[in-house]
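See below for the structure under consideration.
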Amino acid sequence: MPPLGGGGIIPAMPELPEVETIVRAYRPRLVGRRLTAYTSRWAKQASPSVAAVRRGVVGKRIVRLDRRAKYIVFTLAGPGELPQSWMLLHLRMSGRLEWAADPEKGRHRHIRAWFDLDDGNRLLLCDSRKFARISFTTDLNAATAHLGIEPLERAFTAARLEHLLHTRARQLKPLLLDQSVVAGLGNIYADEVLYAAGLHPLARSDELSPAQVRALWRAIRAVLRKAIRHNGTSIDWIYPDGGMEPYLKVYGRAGTPCPVCGTAIERLRVAQRSTHICPRCQPRPVRLPGGRSRHRGGGRL
DNA sequence: TGAATTGTTATCGT
DNA sequence: AACGATAACAATTC
């Protein structure tokens, strides 16, 4: 892996494009299969409990595999039943799925759980930091009620985004990271989106002009689509197969020149998260005495 | 060694 | 009171 600007290890975590890539890769192997066993080595991973998840999933068939926000959603059906139960898997920071055609072989690190399938294969959940979570529910709507809009669905229009922005007075970056507003962005893509939109992470959501709202809307969709096209981003061992890393413009590139203007990319902290910006392309809004603010730039994509 | 990561929850401030 | 910002937390890697 190439060293990144600023040096040191920069952990990667699965965000929307990485989860989408994982779901697409596993869908053909999992849809149609019946789960024959669930084994957990880490009790806290399961909600409401290991036993409840086991009762819920063992013996059921996987009829769909989808993504909602950063969740992997297994739609399950018992023998002769319509789909009426779901298993949700959130990889959080360091969770990985691995495939074991021969469960006895292979060198898998940090195995926290596995699912046996009726074709003899085994799906492993590996997670060095034990943050990943598995839950079982018979009410998918309730289980995902806390999640905001999917940024790649048709319902996510510029007008909808404008409403989400203007009904809050929040810093842009924490807003983009808030899963209850727009679902799926994490630290990497929030930075890339704000750069692509020419907006400062501390700009106020209710002070964006129509042109800036539209730039942000376009940036969210363009960055996520491009990342999915490249199978997501890999920066370290956690998520190994992505090809998006060479296309990141600011994340992990502190000190390197902005691709547009050549100014050195800066690293700052916003909402306890490391944040990367081009100080020239993403000027900080100047607070005016009247409470309004003036933005320079913006609108570039 | 401590900085880095996500999402939830608690707490502080306006 | 309601909202937004901040901090702590879980756990591990190098």
Side-chain angles (χ1 to χ4, degrees), chain A residues 1-19 22 40-48 67-72 88-97 108-113 125-135 142-148 163-192 200-208 232-240 242 245 248 250-255 267-276 285 287 291 293:
Chain A
M1 268 161 292
L4 298 169
I9 294 295
I10 300 174
M13 53 287 155
E15 305 180 24
L16 185 155
E18 289 76 28
V19 178
I22 291 165
S40 172
R41 286 180 173 174
W42 179 243
K44 288 170 72 174
Q45 75 190 201
S47 171
R67 178 193 59 75
R68 171 75 172 101
K70 302 176 191 173
Y71 289 87
I72 300 169
L88 276 62
L89 172 60
H90 199 301
L91 298 171
R92 293 273 189 108
M93 288 179 55
S94 56
R96 283 175 294 117
L97 288 180
H108 304 282
R109 300 182 63 192
H110 310 298
I111 300 174
R112 306 302 179 194
L125 172 62
C126 303
D127 182 13
S128 65
R129 294 183 179 87
K130 301 183 182 177
F131 285 1
R133 292 293 180 266
I134 298 169
S135 60
T144 58
H146 64 291
L147 295 170
H163 178 76
L164 292 170
L165 293 166
H166 287 174
T167 52
R168 297 164 172 79
R170 296 188 59 185
Q171 300 169 348
L172 280 189
K173 178 158 178 178
L175 184 147
L176 291 179
L177 292 174
D178 187 336
Q179 301 299 298
S180 72
V181 181
V182 177
L185 291 168
N187 204 38
I188 295 175
Y189 296 114
D191 280 5
E192 293 298 314
H200 193 281
L202 293 177
R204 299 285 160 159
S205 63
D206 58 340
E207 294 175 351
L208 294 197
T233 301
S234 2
I235 291 189
D236 64 7
W237 73 98
I238 291 170
Y239 180 81
E245 197 274 339
L248 298 181
V250 290
Y251 185 85
R253 303 232 188 285
R267 180 169 163 182
L268 49 148
R269 289 194 80 75
V270 176
Q272 318 310 126
R273 299 290 186 249
S274 78
T275 299
H276 311 75
R287 281 282 203 182
S293 68

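Residue numbering restarts at 1 for every chain, and letters A, B, ... go by the order of the sequence lines.
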Q) For B:dA4, does either OP1 or OP2 sit under 4.0 Å from a side-chain N or O belonging to A:R273? A) no
Quick note, A:Y71 side chain, CB onward, closest among B:dA4, B:dT8, C:dT12 is B:dT8
note: A:L175, atom CG; C:dC3, atom P; distance rounded to Å ~ 14 Å
Practice item. Could you tell me whether the phosphate oxygens of B:dT8, OP1 or OP2, come under 4.0 Å of any side-chain nitrogen or oxygen in A:R133? Key: no
Below 4.0 Å: OP1/OP2 of C:dT13 and any side-chain N or O of A:H110:
yes
Would you say that more than 12 heavy atoms from the other residues, nucleotides or ligands in this model lie under 6.0 Å from the NE2 of A:H166, or not? yes
Rounded to whole Å, the CZ-P distance (A:F131 to B:dA4) equals 15 Å
Picking from C:dT12, B:dA4, B:dT6, the nucleotide nearest the side-chain atoms of A:R92 would be B:dT6
*side-chain contact (heavy atoms from CB on, under 4.5 Å) between A:L248 and A:I188: does it pass, once the steps are laid out?*
CA-CA 9 Å; A:L248 298 181; A:I188 295 175; 3.9 Å; yes
Side-chain atoms of A:Q171 come closest, of C:dT6, C:dA11, B:dG7, to C:dT6
So CG of A:L89 and CD of A:Q45: to nearest 0.5 Å the spacing works out to 9.0 Å
Quick one, A:D191 with A:K173, criterion salt bridge (Lys or Arg N to Asp or Glu O under 4.0 Å). Give me CA distance, side-chain angles, the key distance, then yes/no. CA-CA 8 Å; A:D191 280 5; A:K173 178 158 178 178; 2.6 Å; yes
Note: for A:D127 and A:R170 on DNA chain C, the residue whose nearest nucleotide lies more 5' is A:R170
A:S128 has its side chain closest, among B:dA4, C:dT13, C:dA11, to C:dT13
To the nearest angstrom, the CG-C1' distance between A:D191 and B:dT6 comes to 15 Å
Separation of C:dC3 atom P from A:D178 atom CG, nearest Å, is 13 Å
**Study point:** Contact under 4.0 Å: A:K70 side-chain N or O vs B:dG7 OP1/OP2
**Key:** yes
**Q.** OP1 or OP2 of C:dA7 under 4.0 Å from side-chain N/O of A:Q272
**A.** yes
Flag side-chain contact, heavy atom, 4.5 Å: A:L165 against A:L172: yes
Here the distance between atom P of B:dT8 and atom NZ of A:K130, to the nearest Å, is 21 Å
Query raised in the report: Is the shortest side-chain N/O distance from A:R204 to OP1 or OP2 of C:dA5 below 4.0 Å?
Result: yes
Has A:H146 got a side-chain N or O lying under 4.0 Å from the OP1 or OP2 atom of B:dT8? yes
Under 4.0 Å between any heavy atoms, over every strand shown, what does A:A169 touch: base, sugar-phosphate, or nothing? Just pick one.
-> sugar-phosphate
A:K173 NZ to B:dT6 P, in whole Å, measures 8 Å
Which of C:dA11, C:dG4, B:dA4 is nearest the side chain of A:R168? It is C:dG4
From CD1 of A:I188 across to P of B:dG7 the rounded distance in Å is 12 Å
Whole-Å distance, A:L268 CG to B:dA4 P, equals 12 Å
Q. Can you check whether A:H90 has a side-chain N or O nearer than 4.0 Å to OP1 or OP2 of B:dG7?
A. yes
Q. Hey, mind stepping through A:D178 and A:R170 against salt bridge (Lys or Arg N to Asp or Glu O under 4.0 Å) and telling me if it holds?
A. CA-CA 11 Å; A:D178 187 336; A:R170 296 188 59 185; 2.7 Å; yes
Problem set entry | Distance-only donor-acceptor test (3.5 Å): side chain A:R129, base B:dG7 | no
